[in-house]
Amino acid sequence: MPIKSTETSFLATTSLVAWTEFVELTGIGEDRIRELMDLGWLQPARQTDQAPLFRQIDVYKTRKVDRLCEDFELPSLAGSIIVDLLERIEELETRLKELDR
């Protein structure tokens, strides 16, 4: 089930997720997650001796990039660029709405 945008603010404030749980929550193969990390697009919030720890919002973003890549048969790099641009558009729209008030 897709995460609604109203849920993303809640996810951003919750605890960190360990590697195993992150893989399970995203439903994405470890290879794709590592590829996103190698690209520098996905970065752990912290690194422990055992494994990286990710933010909850990274689950949402990683699922989003995977959906785009799968649906449109895109490489991970292209999907990550699209997700970044969509986030910038959303941020700019929010700023414009605040200016209108």
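Quick caveat, the model's predicted, so the values are computed rather than measured. Along the sequence shown, residues carry numbers from 1.
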inquiry  = Quick check: do Phe54 and Met37 have side-chain heavy atoms less than 4.5 Å from each other?
reply    = yes

task = Calculate, to the nearest 0.5 Å, the distance between atoms CG and NZ belonging to Asp84 and Lys61 respectively.
result = 6.0 Å

query = Are any non-hydrogen side-chain atoms of Val65 and Leu36 less than 4.5 angstrom apart?
reply = yes

task = May I have the step-by-step check of side chain to side chain contact (heavy atoms under 4.5 Å, CB included) for Phe22 and Gln56, ending in yes or no?
result = CA-CA 9 Å; Phe22 187 78; Gln56 286 282 343; over 6 Å; no

note = In this structure, CZ of Arg88 is separated from CD of Glu93 (nearest 0.5 Å) by 13.0 Å

ask   = Can you get from Leu85 to Leu39 by hopping between Ile, Leu, Val, Met, Phe, Trp and Tyr side chains that sit under 4.5 Å apart?
value = yes

request  = Heavy atoms only: give me the nearest Ala78-Leu74 pair and the separation to one decimal.
outcome  = CB-CB, 4.2 Å

key: Glu30 side chain reached by Trp19 side chain, heavy atoms, under 4.5 Å   = yes

inquiry  = Run Leu42 and Ile33 through side chain to side chain contact (heavy atoms under 4.5 Å, CB included) and show every step you take.
reply    = CA-CA 8 Å; Leu42 178 63; Ile33 293 171; 3.8 Å; yes

task = Report yes or no: does Asp71 contribute a side-chain atom to a donor-acceptor pair with the main-chain N or O of Leu68 at less than 3.5 Å?
result = no

ask   = Can a salt bridge be assigned to the pair Arg63 and Asp66 using a cut-off of 4.0 Å between side-chain N and carboxylate O?
value = no

request  = Find the distance between OG (Ser76) and CD1 (Ile81) and round it off to the nearest 0.5 Å.
outcome  = 11.0 Å

key: Check: Arg32 and Cys69 side chains under 4.5 Å, non-hydrogen atoms   = yes

key: Pairwise side-chain contact, Arg55 with Leu16, heavy-atom cut-off 4.5 Å (strictly under)   = yes

task = Report the distance from atom OG1 of Thr62 to atom NZ of Lys64, rounding to the nearest 0.5 Å.
result = 11.5 Å

key: Whether Glu73 side chain and Glu70 backbone form a donor-acceptor pair below 3.5 Å   = no

message = Using the rule that Ile, Leu, Val, Met, Phe, Trp and Tyr join whenever any side-chain heavy atoms are under 4.5 Å apart, tell me whether Leu96 and Leu92 fall into a single cluster.
response = no

ask   = So how far is it from Thr20 OG1 to Leu25 CG, rounded to the nearest 0.5 Å?
value = 11.0 Å

Straight-line distance of Ile82 CD1 to Glu87 CD, nearest 0.5 Å = 12.5 Å

inquiry  = Contact between Gln47 and Leu53 at the side-chain level, heavy atoms closer than 4.5 Å - yes or no?
reply    = no

